[in-house]
Amino acid sequence: MKKHLTLAMFALLALPAAQAQDKPKVNAATLEKYTRAMWPKTPDGWEKRITYDETQAICSQYRNELPQAEFEKVKARELATVKLPADGNVLGDWKKGRSTANNGRGGTFTDRPMENGANCYACHQMDKAELSYGTLGPSLLNYGKDRKFAPEEARATYAKIYNSMAVFPCSSMPRFGYHGFLTEAQMKDLTAFLFDPESPVNK
Ligand code: HEC
């Protein structure tokens with residue numbers, strides 16, 4: 001009996017919070033002002049990381065559910081940022097891609113300049129042998145194999161890694177190339193990790 005009461009109380013408490021989330025009471029400009037105030041001294045390059053670009057702003061405005069016209073506009077704008085490797089080869093070294101995918105270091109205040117990890121496993125299954133992975137994104141097991149290792153699919157995948165929103169506006173997948181978080185060589189290695197027939201992703 002006591003247990004039931006407790007659960008009922010929880011339900012009552014939880015309800016207003018959920019509703020508050022649906023309709024934010026604080027306007028975006030106020031939120032922006034206070035977010036900035038939390039970072040009075042940003043190291044070089046950090047200003048950009050706490051400033052919305054046009055795409056992030058519109059994704060927030062529509063809570064990631066864009067009307068069709070906006071969806072197409074964002075997709076076109078993001079696609080225009082994608083730079084494929086100059087020689088057209090999007091496939092690097094899958095073994096290096098394997099370790100970059102599984103490396104979550106880099107990008108914090110206290111990190112010295114380093115080659116960042118991609119942390120793909122935070123959201124995706126890739127190599128079957130890696131048991132620790134998130135499920136926010138779809139499983140990428142057999143990714144290249146399922147696409148018959150087609151070169152145009154590999155190019156599309158490189159572009160997806162470069163800028164996820166060029167494919168899916170308001171995606172929660174980071175825009176790795178757009179933000180300069182990963183290098184061209186790293187993105188080629190990651191594409192090879194997904195597309196090389198020898199890669200464990202395709203075994
Ligand atoms: C924060 C979570 C997150 C991280 C980190 C992340 N992704 Fe994603 N990814 C997603 C989500 C969510 C989707 C599905 C929506 C979309 O397509 O954007 C996705 C989709 C994809 C797709 C397309 C899948 C399909 O259905 O064809 C590929 C390829 C991909 N991710 C590769 C990667 C690679 C490679 C990395 C690491 C460099 C990575 N992702 C890191 C969340 C993430």
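On a predicted model such as this, the values are computed, not experimentally measured, just so you know. For ligands, and for the atoms within them, numbers begin at 1 and follow the listed sequence.
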Taking only heavy atoms of I161 into account, list the atoms of ligand 1 that are under 4.0 Å away from them. 35 (C)
Treating N163 as the side-chain partner and V82 as the backbone partner, does any N or O pair qualify as donor plus acceptor under 3.5 Å? no
Check for a donor-acceptor pair, side chain of E153 on one end and backbone N or O of Y143 on the other, with a separation under 3.5 Å. no
S172: heavy atom below 4.0 Å from ligand 1, yes or no? yes
Do you see an N/O/S atom of M173, backbone or side chain, under 2.8 Å from atom 8 (Fe) of ligand 1? yes
Evaluate salt bridge (charged side-chain N to carboxylate O under 4.0 Å, His left out) for R98 paired with D93, printing each intermediate quantity in order. CA-CA 9 Å; R98 175 175 61 186; D93 176 342; over 6 Å; no
For ligand 1, indicate whether the residue P174 contacts it via side chain, backbone, both or neither (heavy-atom separation under 4.0 Å). side chain
Please determine if atom 8 (Fe) of ligand 1 has an N/O/S atom from H124 lying under 2.8 Å away. yes
Find all atoms of ligand 1 within a distance of less than 4.0 Å from any non-hydrogen atom belonging to G137, and give their numbers and elements. 10 (C), 11 (C), 12 (C)
Given 3.5 Å as the limit, does a donor-acceptor pair link the side chain of D189 with the main chain of K96, or not? no
Keeping the roles fixed (side chain from S164, backbone from M173), state whether a donor-acceptor pair exists under 3.5 Å. yes
What do you reckon, does S164 put a non-hydrogen atom under 4.0 Å from ligand 1? no
How close does the nearest protein non-hydrogen atom get to atom 3 (C) of ligand 1, and which residue and atom is it? C123 SG, 2.6 Å
For ligand 1, note which part of V167 has a heavy atom under 4.0 Å away: side chain, backbone, both or neither. neither
How far is atom 15 (C) of ligand 1 from its nearest protein heavy atom, and which residue and atom is that? F168 CD1, 3.5 Å
Against heavy atoms of N119, which atoms of ligand 1 measure under 4.0 Å? 5 (C)
Compute whether any side-chain donor of one residue and acceptor of the other, for R175 and T81, lie under 3.5 angstrom apart. no
A student checking ligand 1 against R147 at a 4.0 Å heavy-atom cut-off should list atoms 27 (O)
Looking only at non-hydrogen atoms, the one of D189, T135, L136, V201 nearest atom 12 (C) of ligand 1 is L136
Taking a cutoff of less than 4.0 Å between a non-hydrogen atom of the residue and any ligand atom, is Y143 in contact with ligand 1? yes
Would you say N102 and S99 are linked by a side-chain donor-acceptor pair, where the criterion is simply a distance under 3.5 Å? no
Compute both the distance and the angle, then confirm whether R147 meets the cation-pi test with F149: under 6.0 Å from the six-membered ring centre, within 45 degrees of the axis. no
I'd like to know whether CZ of F176 has more than 12 heavy-atom contacts from other residues, nucleotides or ligands below 6.0 angstrom. yes
Can you sort out which atoms of ligand 1 are near L190, meaning under 4.0 Å from one of its heavy atoms? 38 (C)
Could you tell me whether F193 approaches ligand 1 through its side chain, its backbone, both or neither, with non-hydrogen atoms closer than 4.0 Å? neither
Tell me if a side-chain donor or acceptor on Q186 pairs with a main-chain N or O of T183 at a distance below 3.5 Å. yes
Minimum-distance protein heavy atom relative to atom 38 (C) of ligand 1: C120 SG, 2.6 Å
Would you please say whether a donor-acceptor pair under 3.5 Å links the side chains of N103 and Y121? no
Taking N or O atoms only and a 3.5 Å limit, does T157 qualify as a polar contact for ligand 1? no
Within a strict 4.5 Å, meaning less than it, do heavy atoms of the H124 and Y133 side chains meet? no
Would K160 count as being in polar contact with ligand 1, using the rule that some N or O on each side must be under 3.5 angstrom apart? yes
Answer side chain, backbone, both or neither: which part of P138 comes under 4.0 Å from ligand 1, heavy atoms only. side chain
